[in-house]
Structures are given as C-alpha cells and as structure tokens.
**Student:** 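If you scroll down you'll find the structure; I have some questions about it.
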Amino acid sequence: MHPHQEGPLSRLRRGHEDLVLELLRKHGPLSRAELGQHSGLSRTTLSDIVTELIESGAVVASAPGTAPRRRGRPVEALTLNPSAGQAIGIDFARRVVHVSAVNVAHEVIGSASEPHDPELPWDERIALAERLVGTLADGALRLGALSAIGVGVVGPVGDPDAESAPARPSPELPALLRKRFEAPVLVDNNTRLAALAEATWGAAAGGQDVLYLRLSHGVGGGLVVAGSLHRGAYGLSGEFGHIAVESGDGRCSCGATGCLETVASVGAVLAAYRRAGGHADDLAALLGALEAGDPSALRTLEAAGTQVGTVLAAVCNAVGPGVIVLGGELAAAGTPLFEPVERALRAHILPISRDRVDLRPAALGEAGGALGAIALVLHQSPLLSRYPARPG
C-alpha cells in the first residue's frame, strides 16, 4: 500500500478528531455535552475521540468548576493543550530560510528568517534551519503530540525526472531532515504551500477557488479548486512562471525562452530597470526609486505588471477563480505593480468574469511558505480534504 493512503475508517476517525480540535480552537473550553451539541457526534463516538486526544496530549480536561449542574457533579471542561507540542514549518527558498512554529491550538509561537548565498549546500541550509528553529519560543520548542515537520522547497516535488530550478534539493533531503529533527517530514513545493496558507489564514481565507501568484526570485503559484488545494500529476501544479509571454525572449531557469519568469521575477525586473537607465543593485533600491516617482522605474513596473495581468487572465479563463492573491517580494511595489496587473487582467479576462474576480495582495508575507507547511502537517484545513500527501 502507498504510505499516504488511508482506509475509510481511518479517514472518518481523523475527520472526527479534526472536528473536535477545530471546535475547541474556535470556542475555547467546552464540556462534553457542548462538544456533542456542536459536533453532532454520538456520545460513544465522542467519548472515544476525546479519550484518544487526551491520551495523545492534544486535549486536557480541566478540573471541574465550582458551579454545579442542576443535579450531580460539577462539569469538567475540555480544552486544547497549548503545551502539548508544536508543529514546525520550514521554507527553503532560493536565497533565504524561513521557519515558523504553531502549538496544538494553532497559535503561531514564532517565526524567523535568515538570508544565505543561493549556492549554499543543503547540509548547511539544514543546519541553518535547525539554528533558526532553536530561536523560537526561547529554545523551548518540542514536537510532542504533533511530531512532524512540514518543509517547502523550490520547484516540482514528487517527480524524480522533472527538471526544476537550481535550488532543487536532493532526493535525500527528507531523510536528512528526519535524522536532524528526529521526526517525520513532509515535503512539498513552497509556493503551493504559500497558496495553502493564504487560502487558510491569509488574504483568501474561506475562498473555494483561489489563484495565488508569487513574484520573487522565481515566479510560481498555487491553485485551490472547489475548496481543495490542487497538487497535479507529479506535483507539477502552479508553475505559472513558465507560461510563455509574447514579448519575453530571455532564457529561463527551466531552459525555455520567453517565460513569465524572464520578465516578472525580481532579477528580471531589476535588469529591465537598469536597461532603461536606472541604477539599482537590489529590490530595495528599486522600491525607493518607485517611491520617489522615477519614470523609468514606473515604466518598468508597468511593463512587468501588464505581462503578469495577461497571464493571470489566461489562467482565470481556464480555471475560473473567485480570488487572485498576488504575493512575493515584488508585490511590495504596491500600486505601480497592482494597477497595470489589474488593467491587463480586466482587458483579457472573459467579460462575464470581469467583475467576479477579486485581486488582493498577500497577507502573510515571507512566512507564507512555512505556515503552509505547518497546515500541511496538521492536515486540519478543509482545503486538504482531497490532497494526497501525509506525513510519513
């Protein structure tokens, strides 16, 4: 049997556990009777689920309060145990490592990031991630009942024959991480995980059909279709950066020419600005030029945003999202980027969809990939109901 497959009874039981945990997260302490009313589970089923969650340490039963029921003993309250353990998410981006941790109550304990040379070997990236994790919660993190780590990486995941970006990890990465952290590891594409995070907690929370695009040192994205994160065959969903654009002629990291990534990534936009006579060694300098109203900087963002909006319109016409979330470092340009994106999107999308698609900036910033990795591990989000991956 494939290690990620579950039987129907296991899925049903996990669904019941997720329901109880979600109710306690949403409502706070509840009695067993109140949990039964909110969940609709039978008394026997609820008792079994609660007993297992208490034994695992995810739920604690508080001492009965002083107020008695009308008859009989005071009622004990069940609550999430914030100290039961944490889930850790790591995002190995091209030039930076991001880490985040949440407790069993889904409260974010902390996040940390550190940039590095893009050619840094993987064993050193893992050591960096371990050091950053050690800085969270004053070094007191422990996995406990949530003994798994979610990891985001650049490029396709799950297809050993796929060519991807230069930062693609070796197949041994999960084993190296398991050895370092002594916990199961679940690996997925970091941009798709950022899409999951934005659709779970961020700008598109509650959306059933969401298109996420990240404009960073690479360009990629993710799709939520009919309320479920879409992974695609071989883990290849969301590679919007490799959609060809009419005016693009630069060589892409995938080996092709004319990809969106060659005109809308951070490096491509900086290069275009310099060709136009601007002076900027990094994105911060370009953002400063935009704020100062530099005409060359504004025209550069106008051109990039137009290409982005055109590609987004094509994807929208194919999959019909209700929300588009635009993130990544380049999104910090704000209005000079979003306005041309919006204009091109409206110009090329089907007229019937023009007023039905909402373009929004990402809300979670650089922590999105790491937080999405945590959501993947917890498997709590309804967006993962048909998603195949589970911790090993």
Side-chain angles (χ1 to χ4, degrees), residues 91-96 118 152-157 162-168 188-198 210-223 230 232 235-273 282-283 286-287 300-316 318-319 321 324-334 336-338 340-342 344-345 348 359-362 364-366 368-369 372:
D91 179 3
F92 289 108
R94 278 182 171 88
R95 302 164 186 263
V96 63
V153 296
V154 174
V157 174
E163 293 294 332
S164 79
R168 184 180 181 182
D188 210 325
N189 172 268
N190 62 350
T191 307
R192 189 160 53 238
L193 293 179
L196 170 63
E198 291 289 347
V210 179
L211 192 168
Y212 171 78
L213 182 69
R214 181 159 68 179
L215 305 177
S216 181
H217 296 285
V219 174
L223 284 171
H230 183 60
L236 296 177
S237 172
E239 294 292 338
F240 307 131
H242 302 297
I243 295 176
V245 293
E246 185 176 351
S247 63
D249 57 4
R251 178 71 60 175
C252 183
S253 62
C254 71
T257 58
C259 294
L260 180 64
E261 188 168 297
T262 67
V263 297
S265 64
V266 170
V269 170
L270 285 172
Y273 177 54
D282 55 24
L283 181 60
L286 175 60
L287 295 178
T300 299
L301 268 294
E302 171 81 22
T306 298
Q307 296 288 12
V308 168
T310 301
V311 167
L312 286 175
V315 179
C316 285
V319 300
I324 300 172
V325 178
L326 192 57
E329 292 93 328
L330 197 62
L337 174 69
F338 277 78
V341 169
E342 184 90 34
L345 174 65
H348 295 285
L359 177 66
R360 304 173 185 173
L364 300 177
E366 293 185 342

**Student:** Could you give the distance from CG (Leu236) to CG (Asn189), rounded to the nearest 0.5 Å?
**Tutor:** 9.5 Å
**Student:** Let me confirm one number: the CG-SG distance from Leu211 to Cys316, rounded to the nearest 0.5 Å.
**Tutor:** 5.5 Å
**Student:** Quick one: CD on Glu239 to CZ on Arg192, what's the gap to the nearest 0.5 Å?
**Tutor:** 8.0 Å
**Student:** Give a yes or no on whether the backbone of Val219 and the side-chain of Glu261 come within a donor-acceptor separation of less than 3.5 Å.
**Tutor:** yes
**Student:** Has the side chain of Ser237 got a donor or acceptor atom that lies under 3.5 Å from a matching backbone atom of His230?
**Tutor:** yes
**Student:** Would you compute the distance between atom CD of Glu342 and atom CD1 of Ile324 and round it to the nearest 0.5 angstrom?
**Tutor:** 8.0 Å
**Student:** Is there a side-chain contact between Leu213 and Leu215 (heavy atoms, below 4.5 Å)?
**Tutor:** yes
**Student:** Can you find a pair of side-chain heavy atoms, one from Asn190 and one from Val153, that are under 4.5 Å apart?
**Tutor:** no
**Student:** Check whether any side-chain heavy atom of Leu326 sits under 4.5 Å from a side-chain heavy atom of Leu337, and report yes or no.
**Tutor:**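 Yes, their side chains come closer than 4.5 Å.
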**Student:** Can you check whether Val210 reaches Glu198 side chain to side chain, under 4.5 Å on heavy atoms?
**Tutor:** no
**Student:** Quick check against the 3.5 Å criterion: does Ser265 have a side-chain atom that pairs as donor or acceptor with the backbone of Thr262?
**Tutor:**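 No; zero donor-acceptor contacts below 3.5 Å.
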**Student:** When rounded to the nearest 0.5 angstrom, what distance separates CG in Leu223 from OH in Tyr212?
**Tutor:**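 It is 12.5 Å, given to the nearest 0.5 Å.
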